[in-house]
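Sequence positions, counted from 1, serve as the residue numbers for this chain.
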Amino acid sequence: SRCGGTACGRWCGDLFPAECPSKSRAYWGLVVCVGLATPLNNLSLRLNSIGVYQDSWSVQLLRSVDSRATVGLPKALQGVEHSVEAAYVRAIRRARHFIYIENQFFAGSSEHWKDCSDVGCTNRVPYELAMKVAAKIQKGERFAIYVVLPLHPEGEPDSIVVQGMLAWQLRTVAMMYEVIAKALRSHGPAGAHPTDYLSFFCLGAREPRPSTNLPAALKPETSVSPEQERILQTRRHLVYVHSKTMVVDDEYIIIGSANLNQRSLAGNRDTEIAIGAVQDGFALPANPRPKGQVHGFRQSLWAEHLGGYYPEFQAPEEMACVKKVRQIAASNWEAYTAAKLVELPHGHLMTYPYAVTDDGAVKPAVEVFPDSDGRVEGTAITLLEHLTS
C-alpha cells in the first residue's frame with residue numbers, strides 16, 4: 001500500500017525514491033501514517049477543510065547506525081546510516097519562517113571554521129542553518145533561528161573535555177554569524193544585526209534563601225567544599241538542557257536522542273534514534289500558521305522558558321518576537337549574574353554569554369562562567385577531537 005501522509009511529499013520526498021516506504025532503501029528509515037492503519041469508520045478523526053484527517057500524523061523513523069550494529073541483518077540493512085542528519089538538513093532547507101532548536105551539544109561544519117578546520121566535525125547542520133538565513137536575507141524575507149543550549153556541557157566547566165567542546169561550539173557559532181553578516185552586508189536592510197536572525201540562549205535559575213534556618217536534622221553532617229559553599233551563597237544553578245529537538249514553522253518536529261555534533265550525526269560513531277513528524281491536518285501551505293500539536297508543544301516550551309505567554313510568540317520570525325525573547329533573556333541573564341541574590345524575573349531563558357558585533361565577530365561576553373573557572377571560549381585540544389566533537 002502507498003503511504004498517504006502529507007509528510008511524504010513535503011518532508012520525506014527526497015529520502016524515498018519509491019512510492020511506498022516498504023520498497024525504498026532501509027538506509028532512509030520508515031514512514032508511518034499514524035491513525036490511518038485502522039479502518040476510518042472505527043476512528044473519531046476530524047476532517048479539515050481540505051479533506052485531511054487532522055488527528056493523523058506522518059512519522060519518519062531516523063537513525064545514526066554504523067556497520068557494527070547491523071552485523072547479521074540482511075545485506076540491504078547493513079552499512080552506515082545517517083538519516084538523522086539527512087532529515088535535519090532537509091527540514092532546514094524547507095523551512096519558511098523560523099526554526100527552534102534545543103540540544104545538549106552544538107558543533108559542526110568545521111571545514112568552514114577560521115581555524116582548526118581539520119578537526120573532522122563535518123556534519124552539515126550549522127552551515128545549513130547559516131545558509132538558510134543568508135538565502136532569506138538575499139530574498140528580503142524575515143527568518144529567525146532560536147537555539148537553546150546548556151550554559152556549558154555536563155561536567156566541570158574547566159575540565160579538558162568540556163573546554164574542548166566549548167572551543168568547537170564557539171568556532172561553530174562564529175562561522176554561522178560570519179555567513180549571516182556577509183549576507184547582510186550584500187543584501188540586508190540598513191541597520192540589521194546578525195542576532196536579528198540567529199540567537200543563542202541557555203537556561204538557569206536562582207533560588208531564594210529559605211525564610212527560616214534549616215532544622216538540625218537536615219543540615220549536612222560533613223563540611224562542604226569551597227565550591228559548594230559558593231553555590232550555597234549565590235544560589236545559582238544552570239538548568240541543564242538534555243533535549244534534542246527541532247521545530248520548523250510550527251509544522252514539523254524532529255525529536256530523539258541525537259545531539260547536534262559529529263558523534264551523533266556521522267552514523268559511524270554513536271548510535272542514535274529519532275523521529276521526524278508532521279500532523280497531517282496542520283501542514284503548510286494549506287495552513288500558513290499551523291495551530292496543531294507541534295505549535296502547542298513549542299508554545300508550552302516557550303511559556304515555561306520565558307515565564308508566560310506573549311502574543312509575539314505567534315510569529316517567531318518577526319522582529320517583534322525576536323526582540324521580546326531577547327529582552328526577557330537579557331533581563332534573566334542580568335539577574336543570574338548579579339552580585340545580589342535575586343530570582344530571575346521571567347522563567348529560565350537567558351542570553352548565552354556570547355557578544356556578537358555588527359560584522360559577525362563573536363567573542364565571550366564574560367571570561368569565565370559564573371561560580372567557575374571554566375573559560376567561555378573553551379580551549380582547543382585537537383588530540384581529543386574524536387571525543388569532544
Restricting to non-hydrogen atoms, name the atom on [X] and the atom on [Y] that form the minimum distance, rounded to 0.1 Å.
X    : Y    : result
A266 : H82  : O-CB, 3.7 Å
P194 : V356 : CB-CG1, 4.4 Å
A167 : A380 : CB-N, 3.6 Å
M131 : V179 : SD-CG1, 3.8 Å
L184 : P189 : CD2-CD, 4.3 Å
P153 : M165 : CB-SD, 3.7 Å

Between the side chains of [X] and [Y], does any donor sit under 3.5 Å from an acceptor?
X    : Y    : value
D280 : S56  : yes
R375 : T379 : yes
K244 : N103 : no
E272 : S264 : yes

Before giving the answer on side-chain contact (heavy atoms from CB on, under 4.5 Å), spell out for L149 and C202 the whole-Å C-alpha distance, their side-chain angles and the decisive distance to 0.1 Å. CA-CA 5 Å; L149 306 170; C202 54; 5.7 Å; no

Is [Y] reachable from [X] through a run of I, L, V, M, F, W or Y residues, each pair having side-chain heavy atoms under 4.5 Å apart?
X    : Y    : result
F297 : V294 : yes
V376 : V162 : yes
Y252 : V89  : no
V247 : F313 : yes
Y146 : Y309 : yes

Answer yes or no: is there a side-chain heavy-atom contact under 4.5 Å between [X] and [Y]?
X    : Y    : result
V366 : V368 : no
R142 : Y197 : yes
Q60  : I275 : no
Q104 : V241 : no
S199 : F201 : yes
I273 : L62  : no
D66  : R269 : no
I254 : T245 : no

Is [X] atom [atom1] crowded by more than 12 heavy atoms from other residues, nucleotides or ligands, each under 6.0 Å away?
X    : atom1 : answer
K182 : NZ    : no
I160 : CD1   : no
E229 : CD    : yes

Is the backbone N or O of [Y] less than 3.5 Å from a side-chain atom of [X], with the two atoms forming a donor-acceptor pair by type?
X    : Y    : result
D358 : A181 : no
S109 : N123 : yes
R96  : P285 : no
Y177 : L198 : yes

Taking the six-membered ring for Trp, are [X] and [Y] parallel (under 30°), tilted (30 to 60°) or perpendicular (over 60°)?
X    : Y    : value
H242 : Y240 : tilted
W168 : W113 : parallel
W302 : Y100 : perpendicular
Y127 : H112 : parallel

What is the distance from atom [atom1] of [X] to atom [atom2] of [Y], rounded to the nearest 0.5 Å?
X    : Y    : atom1 : atom2 : answer
R236 : L344 : CZ    : CG    : 10.5 Å
Q138 : H187 : CD    : NE2   : 4.0 Å
R124 : T122 : CZ    : OG1   : 9.5 Å
I137 : S186 : CD1   : OG    : 9.5 Å
F105 : T172 : CZ    : OG1   : 13.0 Å
E343 : N332 : CD    : CG    : 11.0 Å

Could you tell me whether E377 and K363 have a side-chain N and a carboxylate O separated by less than 4.0 Å? no

Is any side-chain N of the basic residue among R63 and E81 closer than 4.0 Å to the acidic one's carboxylate O? yes

Give the intermediate values and the outcome of side-chain contact (heavy atoms from CB on, under 4.5 Å) for residues D249 and L284. CA-CA 9 Å; D249 296 335; L284 292 167; 3.9 Å; yes

Working for side chain to side chain donor-acceptor pair (under 3.5 Å), residues T234 and D371: CA-CA 8 Å; T234 65; D371 306 323; 3.1 Å; yes

For residues 347-354, please give each side-chain donor-acceptor pair under 3.5 Å, one per line with the distance, not counting sequence neighbours.
{"unit_1": "H348", "atom_1": "ND1", "unit_2": "G204", "atom_2": "O", "d": "3.1"}
{"unit_1": "T351", "atom_1": "OG1", "unit_2": "A330", "atom_2": "N", "d": "3.3"}
{"unit_1": "Y352", "atom_1": "OH", "unit_2": "L151", "atom_2": "O", "d": "2.8"}
{"unit_1": "Y352", "atom_1": "OH", "unit_2": "Q169", "atom_2": "NE2", "d": "3.1"}
{"unit_1": "Y354", "atom_1": "OH", "unit_2": "Q169", "atom_2": "NE2", "d": "2.9"}

Could you note down all residue pairs passing salt bridge (Lys or Arg N to Asp or Glu O under 4.0 Å) where residues 98-116 supplies at least one of them, sequence neighbours left out? D115-R171

Check against side-chain contact (heavy atoms from CB on, under 4.5 Å), K132 and K136: CA-CA 6 Å; K132 164 58 71 171; K136 288 291 187 176; 4.2 Å; yes

What residues, two or more places apart in sequence or in another chain, satisfy side chain to side chain contact (heavy atoms under 4.5 Å, CB included) together with H295? D250, K291, R298, Q299, Q314

Criterion salt bridge (Lys or Arg N to Asp or Glu O under 4.0 Å) on E317 and R289, from CA distance to verdict: CA-CA 12 Å; E317 76 277 12; R289 293 286 181 189; 2.4 Å; yes

D158 vs F369, side-chain contact (heavy atoms from CB on, under 4.5 Å): CA-CA, chis, key distance, verdict: CA-CA 9 Å; D158 58 350; F369 295 106; over 6 Å; no

Can you confirm whether or not the ring centre of F200 sits under 6.0 Å from the ring centre of F106? yes

